[in-house]
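Chain A is the first sequence line, chain B the second, and so forth, proteins listed ahead of strands; every chain is numbered from 1. We use all heavy atoms of the structure for the numbers below, so side chains are in, but hydrogens, waters and symmetry mates are not.
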Protein chains: 2
Amino acid sequence: MSKSKATSFDIAYRAGVSQSTVSRALRNSPQVNEETRKKIQAIARELNYKVDKNASNLRTRHSGTLALLLFEELDDTESHINPFYLSMLGSITRTCSKEGYDLLVSFQQFSTDWSADFADTNKADGIILLGYGDYLDYEGKLNELVEQGTKFVRWGAVVEGEPWLSIGCDNKNGGYLITRHLLSLGRRSIAFLGGADNHSPELYERYKGYCKAIEESGHYVDLSLQYDAVTTEAAGVEAVQRLLASGHTFDAIVCASDLIAIGAISALTEAGFNVPNDVAVVGFDDLTVAKYSNPPLTTVQQNTNLAGQTLVYNLIKQIEETEIETRHIPARLIVRESCGAKL
Amino acid sequence: MSKSKATSFDIAYRAGVSQSTVSRALRNSPQVNEETRKKIQAIARELNYKVDKNASNLRTRHSGTLALLLFEELDDTESHINPFYLSMLGSITRTCSKEGYDLLVSFQQFSTDWSADFADTNKADGIILLGYGDYLDYEGKLNELVEQGTKFVRWGAVVEGEPWLSIGCDNKNGGYLITRHLLSLGRRSIAFLGGADNHSPELYERYKGYCKAIEESGHYVDLSLQYDAVTTEAAGVEAVQRLLASGHTFDAIVCASDLIAIGAISALTEAGFNVPNDVAVVGFDDLTVAKYSNPPLTTVQQNTNLAGQTLVYNLIKQIEETEIETRHIPARLIVRESCGAKL
DNA sequence: TTAACGGCTGCATACGTATGTTTTTTGATT
DNA sequence: AATCAAAAAACATACGTATGCAGCCGTTAA
């Protein structure tokens with residue numbers, strides 16, 4: 001016999017007051033007498049009373065919940081989720097609880113119809129969209145969301161004139177900084193793995209930074225040293241294999257992410273190359289593992305902590321209809337051993 | 001002017017029927033005429049109607065939501081979440097959506113009062129508890145949950161006679177298998193990093209497997225080769241430094257997790273040792289990164305996919321009050337280069 | 001003495017759905 | 001044409017909370 005949950009009526013009965021007074025007392029309304037409130041709160045504690053969220057949400061028309069939609073192609077047997085998102089998730093969930101919001105997390109395949117299942121059902125007050133991926137695939141959906149008045153914020157490349165709020169790292173500058181660093185170390189034949197094909201705006205921005213650095217140094221971007229790769233170790237391995245098979249020579253690789261870089265180092269080592277003596281390899285993201293990789297990875301740090309906070313705060317601002325602003329998260333060069341010393 | 005959301009009354013009005021018929025039609029009740037149902041569903045689609053979850057939950061007394069509580073000490077500026085959990089999270093979220101449940105995710109510090117905030121508020125029908133950590137810290141809380149009739153399932157060491165449902169990997173066998181593997185390769189002075197102090201039952205089980213393998217081989221467990229470590233790279237680095245400083249010699253290290261192992265390899269390399277020639281290093285978990293670490297890590301695979309599924313399915317069974325069963329997830333040895341070849 | 005007022009509290013209602021109960025409709029049988 | 005059962009739809013209500021509004025009481029001012 002599980003004793004059924006206590007309601008505000010139960011408390012009202014014991015306190016000899018009305019339910020409305022209980023509700024007011026528990027929400028610390030100034031309308032209720034100090035003494036009465038103390039008494040009510042004591043009884044609530046005693047009965048282990050908790051506000052029923054469903055009833056409360058129904059009455060107030062908001063849920064106090066944010067939805068985090070993470071877009072990634074997951075295969076059925078394994079869960080390869082980019083640790084970068086895990087880090088974001090940590091920051092997002094922490095900021096949410098600091099602000100009194102709950103977080104509903106859902107991993108979405110690109111194909112599913114996710115556009116309305118969270119906001120329209122009143123399960124969430126707003127949505128955070130996370131995930132690289134083919135921009136064009138969901139641009140239409142985002143417009144739908146805007147049209148419906150759904151509040152959302154998106155992690156990703158900031159494009160001028162978009163009708164929605166995007167928050168992203170300064171990817172171009174990151175790509176620029178790290179490539180310039182390699183150039184300053186004397187590397188000249190610098191390959192690029194990942195994102196040169198403009199499917200993922202984030203990775204493409206990094207590529208543009210890479211190009212800018214090379215052109216600025218008076219050299220030409222060598223198109224034969226560029227291979228596409230998604231953000232996984234396996235893609236890094238494969239891209240290096242293709243690069244090696246092409247027969248072109250190179251003394252450095254800029255990878256569009258740390259995972260690609262780790263795969264690249266693995267494949268290079270396998271093929272008998274020494275990193276960084278033969279080939280310097282750099283990444284992007286500064287995952288925790290970058291520091292402990294062998295050799296430790298020179299990379300670009302995205303401040304996931306700040307990023308997560310900014311996403312949540314801006315979404316909340318949007319929900320509360322106060323002033324919002326698009327923000328760039330700065331990129332910061334982290335130098336470790338994987339690019340060696342000056343030649 | 002955002003047009004307010006359509007309700008079942010709006011549909012009823014347009015269809016010329018009552019609200020209750022609409023509700024029944026949309027839930028595919030057999031009580032409603034085929035033709036009427038078609039009509040109602042068409043109108044619902046047209047109006048882009050979605051059931052209000054809060055109202056629905058209030059009425060039905062269940063939320064269709066599971067809560068995932070992840071316990072980990074997070075520091076304020078960085079989010080070091082074990083990738084192992086990310087992998088679990090992936091599997092859990094996928095299984096949830098397959099079963100039609102939403103997932104509420106919350107990272108909890110050990111200290112906060114989490115025990116009732118999800119079930120008692122009717123935000124979730126059940127709770128999944130994830131996280132290593134000091135067992136004794138929350139044993140009291142778990143008993144509270146049981147007493148309140150809260151449905152939950154816990155990832156972790158399965159202890160006979162517990163009044164709650166735990167699902168865990170066969171950690172002892174994993175520790176046994178991998179240690180025996182090292183012994184079979186001729187390693188004799190095998191250190192152990194992490195968990196020998198019985199604070200974390202999972203890690204301690206791995207330690208017991210390690211002891212069993214050594215004793216079975218006719219050797220003695222050398223207590224001077226054992227250092228405690230939490231599941232992070234940094235702890236691995238530090239433990240190796242202490243081990244080296246102690247002056248004792250060793251030719252292999254069993255690490256209680258891959259992250260510890262990665263930290264250990266990093267520290268050993270830094271100190272001028274070659275892995276695996278001087279020292280073999282093995283881990284536990286088979287994180288994605290284990291395959292691409294340098295050298296690739298011999299480790300014990302926990303099937304996170306199966307684990308996540310089992311957690312969710314068993315929790316749902318518990319909610320639906322059908323038969324449940326405690327399950328061990330098997331441990332599997334994965335051999336890679338970090339323990340070298342036979343000496 | 002009366003009116004006005006502020007501080008508290010209670011009353012009544014609405015949020016949107018799901019479902020037990022009752023009523024109406026339909027179709028078949030006598 | 002009358003009866004009846006089954007099918008279909010309508011009616012009524014409850015879930016638990018939050019809140020506009022009205023009412024009461026004690027105090028102060030006119």
Nearest-nucleotide 5' precedence on DNA chain C, B/Ala55 against A/Pro30:
A/Pro30
In whole angstrom, give the distance that lies between atom CG of B/Asp52 and atom P of C/dA18.
9 Å
Just jot down the salt bridge (charged side-chain N to carboxylate O under 4.0 Å, His left out) partners of B/Lys151, sequence neighbours excluded, or say none.
B/Glu321
Students should find this one: the first and last nucleotides of DNA chain D, 5' to 3', lying under 4.0 Å from a heavy atom of chain B. What are they?
D/dA8 to D/dG16
Any ion pair linking A/Glu144 and A/Lys141 (charged N to carboxylate O, less than 4.0 Å)?
no
Mind running side-chain contact (heavy atoms from CB on, under 4.5 Å) on B/Trp155 and B/Cys169 for me, showing each step along the way?
CA-CA 9 Å; B/Trp155 172 256; B/Cys169 178; 4.2 Å; yes
Sugar-phosphate only, base, or nothing, as touched by B/Ser29 at under 4.0 Å among non-hydrogen atoms:
nothing
Taking every heavy atom of A/Ala25 against every heavy atom of A/Gln41, the minimum-distance pair comes out as O-NE2, 3.4 Å
Whole-Å distance between C/dT23 P and B/Gln31 CD?
17 Å
A/Glu34 CD - C/dG7 C1' separation (whole Å)
14 Å
Pair B/Glu35 + B/Lys39, salt bridge at N-O below 4.0 Å
no
Donor-acceptor check, side chain of A/Thr121 to backbone of A/Phe118, threshold 3.5 angstrom: yes or no?
yes
Would you say B/Ser63's side chain and B/Asn57's backbone share a donor-acceptor pair under 3.5 angstrom?
no
Identified side-chain contact (heavy atoms from CB on, under 4.5 Å) counterpart of B/Tyr49 within the set B/Asp10, B/Ile40, B/Leu26, B/Val22:
B/Leu26
So, the side chain of B/Ser91 versus the backbone of B/Asn305: is there a donor-acceptor pair under 3.5 Å, distance only?
yes
If the cut-off is 4.0 Å, is A/Arg37 near the phosphate of C/dC8, judged by side-chain N/O to OP1 or OP2?
no
Let me spell it out: for each of B/Asn33 and B/Arg61, pick the nucleotide of DNA chain D with the closest heavy atom. Which residue's pick is nearer the 5' end?
B/Asn33
Strand-adjacent residues in residues 14-24 of chain A, judged by heavy atoms under 4.0 Å from DNA chain D:
A/Gln19, A/Ser20, A/Ser23, A/Arg24
Note: for A/Phe9 and A/Asn122 on DNA chain C, the residue whose nearest nucleotide lies more 5' is A/Phe9
